[in-house]
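Since the structure comes first, as structure tokens, the remarks are kept for the end.
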Amino acid sequence: MFRTHHCNSLRKTDIGQQVTLAGWVHVSRDHGGVIFIDLRDREGLTQVVFRPEENAELAKQAHGLRSEDVIQVTGKVAARVPGTENPKLDTGDIEVVPTELKILNRADDLPFPLDTEISNEDLRLTYRYFDLRRPRLTRNLQIRHRVAKATRDYLDRQGFLEIETPILSKSTPEGARDFLVPSRLTPGKFYALPQAPQQYKQLLMVAGVEKYFQIAKCFRDEDLRADRQPEFTQIDIEASFVEPNDIYALTEGMLAAVFKAARDIEIKTPFERMTYRDAIGRYGSDKPDRRFGIELVDLGDVFEGTLLKVFQNALTTGGVAKAINAKGFAGLTVGQSDELAEIAKNFGAKGLAFIKVENGEWKSPIVKFFSDAEKKALKSKLKIEEGDLVLFAADKWEIACEVLGRIRLRVAEIQKLTEGSEQLDFLWVTDFPLLQFSAEENKWNAVHHPFTRPKEEDISLLEAKKFGQIRAEAYDVVLNGVEIGGGSMRIHEPDLQEKMFEALGVSAEDQQSMFGHLLKAFKLGAPPHGGIALGLDRLVMLICGEESIRDVMAFPKNNRGMDLMSQSPAEVDSKQLRELRIKTIPLE
RNA sequence: GGAGUCUUAGCUCAAUUGGUUAGAGCGCCGCCCUGUCACGGCGGAGGUUGCGGGUUCGAGCCCCGUAGACUCCGCCA
């Protein structure tokens, strides 16, 4: 037997036993005479003690041990000398006194220490297999496993089938940029890696599967972020003969099972629901972080007859005047003030009006335009007190809301309003718009995806081509201001799907060449269906309390999509390119 | 494509207003040390201050350019 126990299993009750352990030298404390080795495996630490007076040959060998050498020791479990027990270790009452030491593999000089936090992420990613030995990352991988297992167990209990769908798939024009894979057998043609198994799962519904799920790898060739990688994992779910409420309940039950399994936390279900319009109006975001207040307050009634031109203009042209009260933030620095103004500008505001309340005085360049009645109304609506900072936006509804929403988040960040919070605020955001106009492309795009069903009562708006007013039967699940999943009821009627494609500007020919299989399937008895997809990486990130999904993936890519460990992407042999009939063109 | 922050020893960081030979801790090497648990003590090696240019009597520090990393915007149905 290679080992009889792992490094977190021996206790007082094992004293006297003959055991064999294997693992890494975590740290060695060499006193010249007696030598202590903390032996580590993925479960924990066990102290091994070498005494020269008992076994000089072994002690001499142990003297040469260095951090991260891999060893195997056989010996007796002994009680520690009274007074030297270590309460910080689960195995702190005992130590192993070896009679045999086998050095299985020597470790070179370490590229970086494992016992301190290190900020050089390049280096960590280059030696990823080494960095993963860090207990925190080991724990993250274990939690990720438990989340995936709890997901499978729960969905299995609910009667869902896990079905794999192709990775070599077909490129479609909608959505993110595709990763392409050249086809050797049909030169000049390409597969695309799936952005999501969307069409396949809908076709599985047509196939009569009724309840499908998959822990699916998805691929999107877009720029990276702390919470975005080119390949990532979704918990992908689809079911037939369901309504949104069924999906909400299923998802809530699944998340409850996941949090129970991964963190032993009971989460409160059902989750609250909020329409998209409310979310934007109150928080300036479609994924509001409600762990802190600072809600957007509408001031249309207050400033109905205002003398302040910018507010007046906004209100008389169909826009809004809104404000947030950043409690106790009147003392912000000039730099912070400039930063907030910069955010406002970036998101389309012309400026950022404010009131600082200091020493009982409203310090503000705009306050002189306010009547006493306006001041009074402001004070009561925004609950203005000493030390507050009130920030205004007057613009089109979308712009005013987004500007204040972004500022709200930044203020909360600066004030550290969520630091150390253990709160788990789940929320459904519902009634998303179906379509959004892209000025850049001069066309309407799907907010969710082209297969999303309009709300029943808004289908007539689609026929009337009032695209901006149509609400979708679509929903996102949000946790602490992070979108962890989203889904919708789908279109299952070929004529409605065609109308949708039409609205998106997909020609009849393109509909047939790109989505013909789907439209045909919808003519062969397609059941009403809908589903949801949750970002597994983001979910695990939040459960682990990490700030980047890189810390919950075994082998993530850096900001530029490179794997620094394996040095990919990399050039390939010209023979490979010839077989694919591909030529690369050097950059100008 | 854009903005911000950062880049000094293997790692984490320091270096007053631009001023002597760029320092410390950890790690590494050598010696010492028999109850530590981040063991301890003494000694040593280790630097193109990311790179290129400029200003200056003098640049790690100021200026310009460039590369890289990270965060954000755009993008992500």
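Order of the sequence lines fixes the chain letters, A, B, ..., with proteins taken first and strands second; residue numbering starts at 1 for each chain.
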Please report the distance, rounded to the nearest Å, between CG in A:Asn346 and P in B:U71. 19 Å
Is there a Watson-Crick or G-U wobble partner for B:U56 with both distances under 3.5 Å, and which nucleotide is it? none
Within the pair A:Arg29 and B:C39, is there a side-chain N or O less than 4.0 Å away from OP1 or OP2? yes
Checking N1-N3 plus N6-O4 or O6-N4 for Watson-Crick, or N1-O2 and O6-N3 for wobble, each under 3.5 Å, the partner of B:U16 is none
Looking across every strand, which nucleic acid part, if any, lies under 4.0 Å from A:Arg550 by heavy atom: base, sugar-phosphate, or nothing? sugar-phosphate
Just call it for A:Gln47: base, sugar-phosphate, or nothing, with non-hydrogen atoms closer than 4.0 Å on any strand. base
Is there, by distance only and without an angle test, a donor paired with an acceptor across the side chain of A:Arg228 and the base of B:C76 below 3.5 Å? yes
Short side-chain N/O contact from A:Lys345 to OP1 or OP2 of B:C73, under 4.0 Å: no
Given the structure, check if the side chain of A:Arg66 and the base of B:G27 hold any donor-acceptor pair shorter than 3.5 Å. no
Could you tell me how far B:G40 sits from B:U34 if I compare only their C1' atoms? Round to whole Å. 13 Å
With rounding to whole Å, what would you report as the distance between B:U66 and B:C6 at their C1' atoms? 16 Å
State whether the side chain of A:Arg51 and the backbone N or O of A:Ala59 hold a donor-acceptor pair below 3.5 Å, judged by distance alone. no
Strictly below 4.0 Å: does A:Asn559 bring a side-chain N or O up to OP1 or OP2 of B:U71? yes
Applying the 3.5 Å cut-off to both distances, the Watson-Crick or G-U partner of B:G30 turns out to be B:C42
In whole Å, I'd like the distance from the CG atom of A:Asp221 to the P atom of B:C76. 12 Å
To the nearest angstrom, how far is A:Asp178 atom CG from B:C75 atom P? 18 Å
Contact class for A:Glu54 vs. all strands (heavy atom < 4.0 Å): base, sugar-phosphate, or nothing? nothing
Need one value for A:Gln198: base, sugar-phosphate or nothing, where a base atom within 4.0 Å counts as base even if backbone is also close, heavy atoms only. base
In this structure, how many angstroms lie between the P atom of B:C39 and the CD1 atom of A:Ile37, rounded? 11 Å
B:A69 to B:U8 separation - P atoms, rounded to the nearest Å: 15 Å
Less than 4.5 Å apart, any side-chain heavy atom of A:Leu435 and any of A:Leu504? yes
What's A:Asn86 touching, base or sugar-phosphate or nothing? Going by heavy atoms closer than 4.0 Å. base
With nearest nucleotides of RNA chain B determined for A:Val27 and A:His63 from heavy-atom distances, which residue corresponds to the more 5′ nucleotide? A:His63
Nucleotide by nucleotide, 5' to 3', does protein get under 4.0 Å of the base (B), only the sugar-phosphate (S), or neither (-) in nucleotides 10-15 of chain B, counting heavy atoms? SSSS--
Evaluate whether the aromatic ring of A:His31 and the six-membered ring of the B:U36 base sit under 5.5 Å apart, centre to centre, with an inclination under 30°. no
pair_partner(B:G35), Watson-Crick or wobble, both distances < 3.5 Å, evaluates to none
Whole angstroms only, please: what is the CG-C1' distance between A:Leu340 and B:C72? 15 Å
Within the modelled atom types, does a donor on one side and an acceptor on the other bring the side chain of A:Glu342 and the base of B:G4 under 3.5 Å apart? no
Tell me whether the side-chain N or O atoms of A:Arg80 pair up with the base of B:C37 as donor and acceptor below 3.5 Å, since no angle test is needed here. yes
Between A:His517 and A:Leu203, is there a side-chain heavy-atom distance shorter than 4.5 Å? yes
Mind checking who B:A69 pairs with, Watson-Crick or G-U wobble, both distances under 3.5 Å? B:U5
Tell me which nucleotide, if any, is Watson-Crick or G-U wobble paired with B:U21 when both distances must be under 3.5 Å. none
Answer yes or no: does a side-chain N or O of A:Asn558 lie under 4.0 Å from OP1 or OP2 of B:A69? yes
Determine the interatomic distance between C1' on B:G23 and the same-named atom on B:A14; round to the nearest Å. 7 Å
C1' atom, B:A15 versus B:U21: distance in rounded Å? 14 Å
Which part of the nucleic acid, if any, lies within contact of A:Met562, taking any heavy atom under 4.0 Å across all strands shown: a base, the sugar-phosphate backbone alone, or nothing? sugar-phosphate
B:C73 base to A:Arg406 side chain: any donor-acceptor pair below 3.5 Å? no
Heavy-atom distance under 4.5 Å between the side chains of A:Thr251 and A:Trp428, does that happen here? yes
5′-ward residue of the pair A:Arg560/A:Leu89 relative to RNA chain B: A:Leu89
What I want to check is whether an N or O donor and acceptor connect the side chain of A:Asp122 with the base of B:G68 at under 3.5 Å. no
May I ask you to test the A:Trp24-A:Ile71 pair for a side-chain heavy-atom distance under 4.5 Å? no
Taking the P atom in each of B:C42 and B:G25, what is the distance between them to the nearest angstrom? 10 Å
Candidate pair A:Asp236 and A:Tyr212, rule side chain to side chain donor-acceptor pair (under 3.5 Å), full reasoning: CA-CA 8 Å; A:Asp236 193 44; A:Tyr212 144 94; 2.8 Å; yes
Flag side-chain contact, heavy atom, 4.5 Å: A:Lys201 against A:Thr165: no
Choose from B:C75, B:G35, B:U71 the nucleotide whose nearest atom is closest to any side-chain atom of A:Arg225. B:C75
Pick the C1' atom in B:A9 and in B:G44, then give their distance to the nearest Å. 15 Å
Rounded interatomic separation in angstrom, taking CG from A:Asp109 and C1' from B:C26: 13 Å
